2 protein chains.
Amino acid sequence: MRNDGETIELIERLARLVTNEGHAHGMKPAQWEALRFLARANRFSRTPGGLTAYLGLTKGTVSQTLMSLERAGLVEKTANPGDGRSVRLDLTEKGRALLPLDGMATIKQAFEALPLSLRASLGDGVAALVTSALAARSGRAFGICRDCRHFAADARGSGQHYCRLLKQPLEDAEAEQICQEQEAA
Amino acid sequence: MRNDGETIELIERLARLVTNEGHAHGMKPAQWEALRFLARANRFSRTPGGLTAYLGLTKGTVSQTLMSLERAGLVEKTANPGDGRSVRLDLTEKGRALLPLDGMATIKQAFEALPLSLRASLGDGVAALVTSALAARSGRAFGICRDCRHFAADARGSGQHYCRLLKQPLEDAEAEQICQEQEAA
DNA sequence: TCCGATGGTATTGAGTCGATACCATATTGG
DNA sequence: CCAATATGGTATCGACTCAATACCATCGGA
């Protein structure tokens, strides 16, 4: 049977496969990662600093990747009202159009072909690994807004929720996005 | 609950964490991958071509990584007797001494902390993903020699096995190494 | 109003990576 | 036996990645 060492080798191999998929359509792995992040993150997290924390890189490195994406017309920067230092990032139409061409689709298909129970336990296992590896390097979870302990769901169905930490109202759609500040409820 | 999309995000994140671990001790992720491969592969696979197939990169790229490792004194190249084009790769003592410092140890610890049943199903899930992602890009499995259909176990306990494909005798220890030619029994 | 903390950018140097071109050594077919 | 071709590797180029360092502007508090 498979022992622990073999599973670790398979995880390394999977990581390499995921990285290799990142060369689809003339882009680079780091560029795809940035694109995917910007498609998933809420407005409080969609900044160079947010992406830096998500990827666990240095801010200089991330700044360069973002410049290359901006040059390519995939990402837009706008000044952040309320903090003159900070920058708001948004995908352009062109950037958004690229998302479905993501090479991760291959891996996603392989995953969806697995039996339901295996998908579930694979999810549990990967979640546990990510959580503890993240803890070891004091990284942030970037979980989903609605699962956060600062999230106050709207009780009256107006479609308006609230973040108790940032003291900001939240649209319905935003509750499903990932957030820099998220802490499990 | 976690849906499929969230699990895919976690897999991307795990891949990034694994890559980031690859900067331990002033080395680069690709260099660690090469080192680990050379520690695990048998003599038939321990060549630039073998590493190229394992990583799914181009041979030029791998050639450069190997040159940097040779410059650093971690890898030795010797001519392959029997084929003047081919090169045999071996870890030096210095290269072997580096192995225990691998940053993957962090992930390995996290893995070993998981309950046994979760470890098993995580292994099954990752194995299934790797197998089908590999098939999609017609990559080789690089499984363990003893699990290969060309492997003939020694029946009389002399410690000598045999590869029916390469028509070569195999030491006991070699049966546990990974091989370019391996096909599941 | 300083002063340190925070969010970003600029620059440098080593490494990664695909693409292309190239070389030497097999292997195959006539 | 000897071309033609295939195979295993290396060399070079250009764009990108990444950490490290230095730097700048804005923010926040004492």
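The structure displayed is predicted, hence computed values, not measured ones. Each chain gets a letter, A, B and so on, in the order its sequence line appears, and its residues count up from 1.
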Chemist: So which nucleotide from D:dG8, D:dT26, C:dA10 ends up closest to the side chain of B:Lys59?
Modeler: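 For B:Lys59, the side-chain atoms sit closest to D:dG8.
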Chemist: Of the candidate nucleotides D:dA19, C:dG8, C:dT25, which contains the atom at the shortest distance from the side chain of A:Thr47?
Modeler: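 Nearest nucleotide to the side chain: C:dG8.
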Chemist: Please state whether the rings of A:Phe37 and A:Tyr54 are parallel, tilted or perpendicular, taking 30° and 60° as the class boundaries.
Modeler: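 The rings of A:Phe37 and A:Tyr54 sit tilted, inter-plane angle from 30° to 60°.
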Chemist: Looking at residues 19-45 of chain A, who's got a heavy atom less than 4.0 Å off DNA chain D?
Modeler: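 Residues of residues 19-45 of chain A that come under 4.0 Å of DNA chain D are, in numerical order, A:Lys28, A:Ala30, A:Gln31.
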Chemist: Check this for me: does any side-chain nitrogen of one of A:Arg36 and B:Glu9 sit under 4.0 Å from a carboxylate oxygen of the other?
Modeler: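 Result for this pair is no, no salt bridge flagged.
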Chemist: Should A:Leu170 and A:Leu166 be counted in the same cluster of Ile, Leu, Val, Met, Phe, Trp and Tyr side chains packed under 4.5 Å apart?
Modeler: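 Same cluster.
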Chemist: About how many Å separate CG of B:Leu17 and CE of B:Met104, when rounded to the nearest 0.5 Å?
Modeler: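 Answer for the CE-CG pair, B:Met104 versus B:Leu17, is 10.0 Å.
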Chemist: Nearest heavy atom decides the nucleotide; on that basis, is B:Gln64 or A:Gly82 closer to the 5' end of DNA chain D?
Modeler: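 Mapping each residue to its closest nucleotide by heavy atoms, the 5'-most match is B:Gln64.
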Chemist: Is there a side-chain polar atom (N or O) of A:Ser63 under 4.0 Å from OP1 or OP2 of C:dG8?
Modeler: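 Looking at the OP1 and OP2 atoms of C:dG8, neither is under 4.0 Å from any side-chain N or O of A:Ser63.
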Chemist: What is the separation between atom CD on B:Gln180 and atom P on D:dT7, rounded to the nearest whole Å?
Modeler: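 Checked: the CD to P distance equals 13 Å.
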Chemist: How long is the gap from CD on A:Glu76 to CG on A:Leu89, to the nearest 0.5 Å?
Modeler: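 Separation between the atoms: 10.5 Å.
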Chemist: Would you mind classifying the nucleic acid contact of A:Asn80 as base, sugar-phosphate or nothing, using non-hydrogen atoms under 4.0 angstrom?
Modeler: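 The answer is nothing, as A:Asn80 stays clear of every strand by at least 4.0 Å.
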Chemist: Can you tell me which residue among A:Arg40, A:Glu181, A:Gln182, A:Gln180 is in a side-chain contact (heavy atoms from CB on, under 4.5 Å) with A:Phe142?
Modeler: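 Exactly one candidate clears the test, A:Gln180.
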Chemist: Nearest-nucleotide wise, let me know which of A:Lys77 and A:Arg16 is further upstream toward the 5' end of DNA chain C.
Modeler: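 Between the two, 5'-proximity favours A:Lys77.
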Chemist: Could you tell me how far apart A:Leu69 (CG) and C:dG8 (P) are, to the nearest whole angstrom?
Modeler: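 Going from CG in A:Leu69 over to P in C:dG8 covers 15 Å.
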Chemist: Through what angle, rounded to 10 degrees, does the axis of the helix from C:dT1-D:dA30 to C:dG30-D:dC1 turn between its ends, using five pairs per end?
Modeler: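 Inter-axis angle at the termini of the helix from C:dT1-D:dA30 to C:dG30-D:dC1: 20°.
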Chemist: How close or far is atom C1' of C:dT27 from atom CG of B:Asp83, stated in whole angstroms?
Modeler: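 Distance, rounded to whole Å: 11 Å.
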Chemist: Identify which one of A:Glu176, A:His161, A:Glu174 satisfies the side chain to side chain donor-acceptor pair (under 3.5 Å) criterion when paired with A:Arg146.
Modeler: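 Answer to the side chain to side chain donor-acceptor pair (under 3.5 Å) test with A:Arg146 among A:Glu176, A:His161, A:Glu174: A:Glu176.
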Chemist: Strictly below 4.0 Å, N to O, side chains only: are B:Arg2 and A:Asp124 in salt-bridge contact?
Modeler: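 Yes, charged N to carboxylate O under 4.0 Å.
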Chemist: Please give, in whole Å, the distance from C:dG15 P to B:Met67 CE?
Modeler: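 After rounding, the reported distance stands at 11 Å.
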Chemist: Over how many whole Å does the gap from A:Leu55 atom CG to D:dT17 atom P extend?
Modeler: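 One finds 11 Å between P of D:dT17 and CG of A:Leu55, rounded.
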Chemist: Round to a whole Å and report the spacing from CG of B:Leu51 to P of D:dG8.
Modeler: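 About 14 Å, once rounded to whole Å.
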Chemist: Could you tell me whether B:Ser86 contacts a base, only the sugar-phosphate backbone, or nothing, with contacts defined as non-hydrogen atoms closer than 4.0 Å?
Modeler: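 Sugar-phosphate: the residue B:Ser86, judged by heavy atoms under 4.0 Å, touches backbone atoms but no base.
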Chemist: Using a 4.0 Å heavy-atom cut-off across all strands, classify A:Thr52 as base, sugar-phosphate, or nothing.
Modeler: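 Result for A:Thr52 = nothing.
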Chemist: Just checking A:Arg71: base, sugar-phosphate only, or nothing, at a heavy-atom cut-off of under 4.0 Å?
Modeler: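 Since only primed, P, OP1 and OP2 atoms lie under 4.0 Å of A:Arg71, the category is sugar-phosphate.
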Chemist: Among pairs that include at least one residue of residues 65-115 of chain A, which meet ring-ring contact (aromatic ring centres under 6.0 Å, His included), considering only residues two or more places apart or in two chains?
Modeler: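 Applying ring-ring contact (aromatic ring centres under 6.0 Å, His included) to every pair that reaches into residues 65-115 of chain A, excluding sequence neighbours, yields nothing.
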Chemist: Of the nucleotides D:dC18, C:dA10, C:dC17, which one has an atom closest to the side chain of B:Thr61?
Modeler: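 Selected nucleotide: C:dC17.
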Chemist: Between A:Arg140 and A:Glu183 (salt bridge meaning N to carboxylate O under 4.0 Å), is one present in this structure?
Modeler: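 Salt bridge flag = no for A:Glu183 with A:Arg140.
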Chemist: Relative to the 5' end of DNA chain D, which residue comes earlier, A:Leu57 or A:Arg85, by the nucleotide with the nearest heavy atom?
Modeler: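 Looking at DNA chain D, the more 5' nearest nucleotide goes with A:Leu57.
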